[in-house]
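Below is one structure, written out as C-alpha cells, with a few remarks after it.
Side chains included, hydrogens not; waters and symmetry mates left out as well; all remaining heavy atoms used. Model, not experiment: these values are computed from the prediction.
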Amino acid sequence: MLQFIRDQPQILSKILKHISSSPIAEILLKLISINDREEANGIIEWLQQEKVIPSLVSRFDPYLDDETHTNIANTLIDINSVSYTSPLLTTDLLSGNIDGVNSFLSTSITNFGGNALVDELKSKPIVEQLVGYMLDEKAPNSTSSLIHGTTVIIDLIRRYCGDIEQAEYKQHQYDHFQQEMMKDENQYQDIVPPTPPTKAQFEKLSLALNDLLNVLGNNLEKFEYLLLHPKSITGPVPTTIGDVVPLGTERLRVCELFAEVIHLQYLYSSSPLFDRIVFEQKEGEHKRTLVEELITITDKFTERKMLPICLNLFFEFPWNNFLHSVVYDMIAKIFNTCSYLVTATNLTNELDDENQLSAEEQMFSQLSEETKERMNLIKNSVIKLTDSILDEGQLPQKIVEAQKLNDIEEKKEKGLRLGYMGHLTHISDEICKLMSKCSNQFSEKINEYINGSDWDNYINNSLQETKNRDCQALGGQRPNNDTITNISFGYQPQDFDYANQDDQYKIDLGATGFGDEDDDDMNEFDMNEFESMISSTKDRFSKYVRDEISKNSPERFFENSSEDEMDSSEEEEDWINGLDHHELDGNILGQSDWTADFSDFDNHINGSLGDDDPDKLNDWANFDEAFSPDKINAVNISTSSNDSRDENTPGLEKENILSDLDNNDENNNIVETLNNLSLDDDNKDSKKEDSK
C-alpha cells in the first residue's frame, strides 16, 4: 500500500491541495506516524524530498484567507504531536502487550526531539519565512498569519521544554537505579537498567531551538511595534460599559510568545542537567549554543523595554484576565530565575560544613567552575531584565496606585474589585520573595522605594488584609461530617418526619444518622442514598398532588390503566391515605397556607363569571352535563396501551355523543366546536397508528 502511494505521480501535491479536509489530513499524519515500521522505511526522507513542510508553511501567506491559516496551523501542530509520539508505544497498547509498554516506559516516553520533519520546521529558513508572513505590514491578512503562526512557534517551544523534562526524568531514573544497585546488587541483577540520556541527545538539546530564538530576537523591534500599534485595532468598539479600545488577539498572542521564551529560559537555567546541555565545539568550529541565544534575546528584551510595555497593557486592561495571567507568568518566571541563579552562583566549592546546606545548595556547591561561569552570564542578563521591570516598569509603584484606585471603585455604589487585583496579590508576593534573596543585586533606587513608607504600608495593611481574607474558608467554616449531615438541600426536617408511617423513607435531617442506625455509623454518610431518598419522596408527593387534582374525575378514565401503574398505586395506597390525614408543611411547595382543597378555585371561577354573563354559565352547565359519568360511560374510552379494538367494531358516531347537547342549546359554543371535529375512518386509522 505504501509503495503504491509513493509511486503515484505528484501524490503529495494532491494531498496538500486538499489538506483542509480531515480525511486527507489523516492520511498525511498516518504516513508520518508509521515511519518506524519496516515497510515504511525512508518515508520521512521521502516527505522531506517532496518538501511537505515548506509547502505547508507557504500557506501562511498573509494574502490567503483566515480559514487556510487555521487549517495549516492545526496540521503543523498535529505533525509535531505525531512526530514526538512513539508508534512502538501505540502498537503495544493496541495489542495489549503490557510487558512492551512497561519496557518502553522504563526507557523513554516520546520520540526524543521529534523527527527530521520537526527539525526542518525549526530550521532558520522556515522560521524566517513564517515570521516574515506574521510581520508583513502591507498584506491584508497578516494579523491572521501572526495569530496562527505564533501558535505553531509556541508549540515548538513547549515540545522542546518537554524534551528537557524527559531528559531529567531519564537521568533521575538512572541515578536512582544506580543507588539502589549499590544497596543490594543481587536484587536487581535480572532487571534491565534504565538508560540515561545520551551525549547525542544532550547536544541536540543544546542546538535545537537556536535558529528559532535567533530569528525572534532579530525581529523583536517589529513585535514591539505591534504591541504599541496593533494592526487589527482601528478604534473603540461599543460594549455594555461604553466604548472601549480592545486589547486584540494579536497583542495577546505576542505576549504569550514572550512568556514561552521566558519560561524556556527558566526551565533551562534551573535544570539539574544545565551543565550537560552543552554542545562541545570542534576545533575551528563555532556554533551558537542555547545559552548564547537566551542571553542575546534576554538582553534585547531589556533594550526594547518589552516587559514594561507588557506591564502597561496589564494595567490598561483591568478586565482582561487572559492578559493578566500571561503577564503574571512572565514576571514570576523572571523573578524565580533571578533568585535561583543568584543562589547558585553565590555558593562556592570551599565550604566548612556541607551538612548545613540544603539538598539544593549542596547540588549548587558541586557545580564546576565552567558551569558557574555560564550561569553567571545568564544571571547578569536576567538581573538587568528584572531591574527593567522594577525600575523602568515601576511595578511596585503601579501596584500601590492600583490598590488605591481599587479602594475607590469598591466604595462606589455597586462597586467591584478591579479585575487584576487577584494577580497583583500574587505578583506582590513574588516581589517580596525576590527582595528577601536578591535585594543587593538591584539599584539603590529600587531598594529605596521597596523600603519606603508607601510600599511598607501596602504590604502590612492592604496586602495582609487580602491574604487573610483569602485564607478564610468559603462560607465561614471548613466542611466536615457534622456540617455535611446537617445540609437541608432546601427542605426542613419536618417536611419528611412522618412519625406515624411504617415507611422506609423516614428521615430526620436534624439527627446525626439515618433511621435506626447506630451513632458509630454516622460518619459513613452515603450521599447517593440520601439523594435517591429525596427524589423518591418528591415523586410520591407529586403523585399525591396529582390524585388530589383528579379525585373528583370519573373512575372510568383510569379503570383500564396499565398493570404496572395499578400495582404502583396499590403499593402506595397506605402512604397516600396517611397523607390525607397528615398536615403538610407549606415549605414543600414554598407556600405557607397551601391545601389540596380546590373549593377556592371553584368559587373563584363561579364568582368571576357572575350573573352578568348567562351565556358563559350555560356553556359550563352544558359542558358538565355532556361529560357527566353517565355520558362518559357510554363512550367507553380505553386508555390501555395493551388493549386493541376489533376492526369489526363499529366506529363511534359523533351524533350519539352530542345528541343531548344539541337538544339543550342550539347556539351552544361548545357544541359548535365539537361538531366541527372530524371522526371519519381515515382519521381514526391514523390515530390508531400513532397509538401503536
Quick one: closest heavy-atom pair of [X] and [Y], and the distance?
{"X": "Lys372", "Y": "Ala344", "answer": "CE-O, 4.3 Å"}
{"X": "Thr302", "Y": "Ser381", "answer": "OG1-O, 4.5 Å"}
{"X": "Cys310", "Y": "Phe258", "answer": "SG-CD1, 4.4 Å"}
{"X": "Ile126", "Y": "Leu121", "answer": "CG2-O, 3.6 Å"}
{"X": "Lys437", "Y": "Ser339", "answer": "CD-CB, 4.1 Å"}
{"X": "Cys438", "Y": "Cys338", "answer": "SG-O, 4.2 Å"}

Say you draw a straight line from [atom1] of [X] to [atom2] of [Y]; how long is it, rounded to the nearest 0.5 Å?
{"X": "Lys122", "Y": "Asn80", "atom1": "NZ", "atom2": "CG", "value": "8.5 Å"}
{"X": "Ile164", "Y": "Tyr268", "atom1": "CD1", "atom2": "OH", "value": "8.0 Å"}
{"X": "Leu313", "Y": "His324", "atom1": "CG", "atom2": "NE2", "value": "10.0 Å"}

Would you call the rings of [X] and [Y] parallel, tilted or perpendicular, taking 30° and 60° as the class edges?
{"X": "Tyr420", "Y": "Phe315", "answer": "perpendicular"}
{"X": "Tyr449", "Y": "Trp455", "answer": "tilted"}
{"X": "His148", "Y": "His69", "answer": "tilted"}

Salt bridge present between [X] and [Y] (N-O < 4.0 angstrom):
{"X": "Glu250", "Y": "Lys231", "value": "no"}
{"X": "Asp429", "Y": "Lys433", "value": "no"}
{"X": "Lys300", "Y": "Glu303", "value": "no"}
{"X": "Asp155", "Y": "Arg159", "value": "yes"}
{"X": "Lys445", "Y": "Asp391", "value": "yes"}

- [ ] Tell me, yes or no, whether the heavy-atom count around Glu221 atom CD, taken from other residues, nucleotides or ligands under 6.0 Å, exceeds 12.
- [x]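 12 or below, so no.
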
TODO: Verify, without hydrogens or angle tests, whether Asn451 (side chain) and Asn447 (backbone) share a donor-acceptor contact under 3.5 angstrom.
DONE: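 At least one qualifying donor-acceptor pair exists.
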
TODO: Give me the one residue out of Asn460, Asn461, Asp454 that meets side chain to side chain donor-acceptor pair (under 3.5 Å) with Asn457.
DONE: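 Among the candidates, only Asn461 passes.
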
- [ ] Applying salt bridge (Lys or Arg N to Asp or Glu O under 4.0 Å), run through Glu401 and Lys398 and close with a yes or a no.
- [x] CA-CA 5 Å; Glu401 292 300 322; Lys398 289 182 178 179; over 6 Å; no

TODO: For residues Gln173 and Tyr169, determine if any side-chain heavy atom of one lies less than 4.5 Å from a side-chain heavy atom of the other.
DONE: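 Yes, their side chains come closer than 4.5 Å.
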
- [ ] For Ser271 and Glu168, test the side chains for any donor-to-acceptor distance below 3.5 angstrom and give the result as yes or no.
- [x]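 Distance-only check passes for Ser271 and Glu168.
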
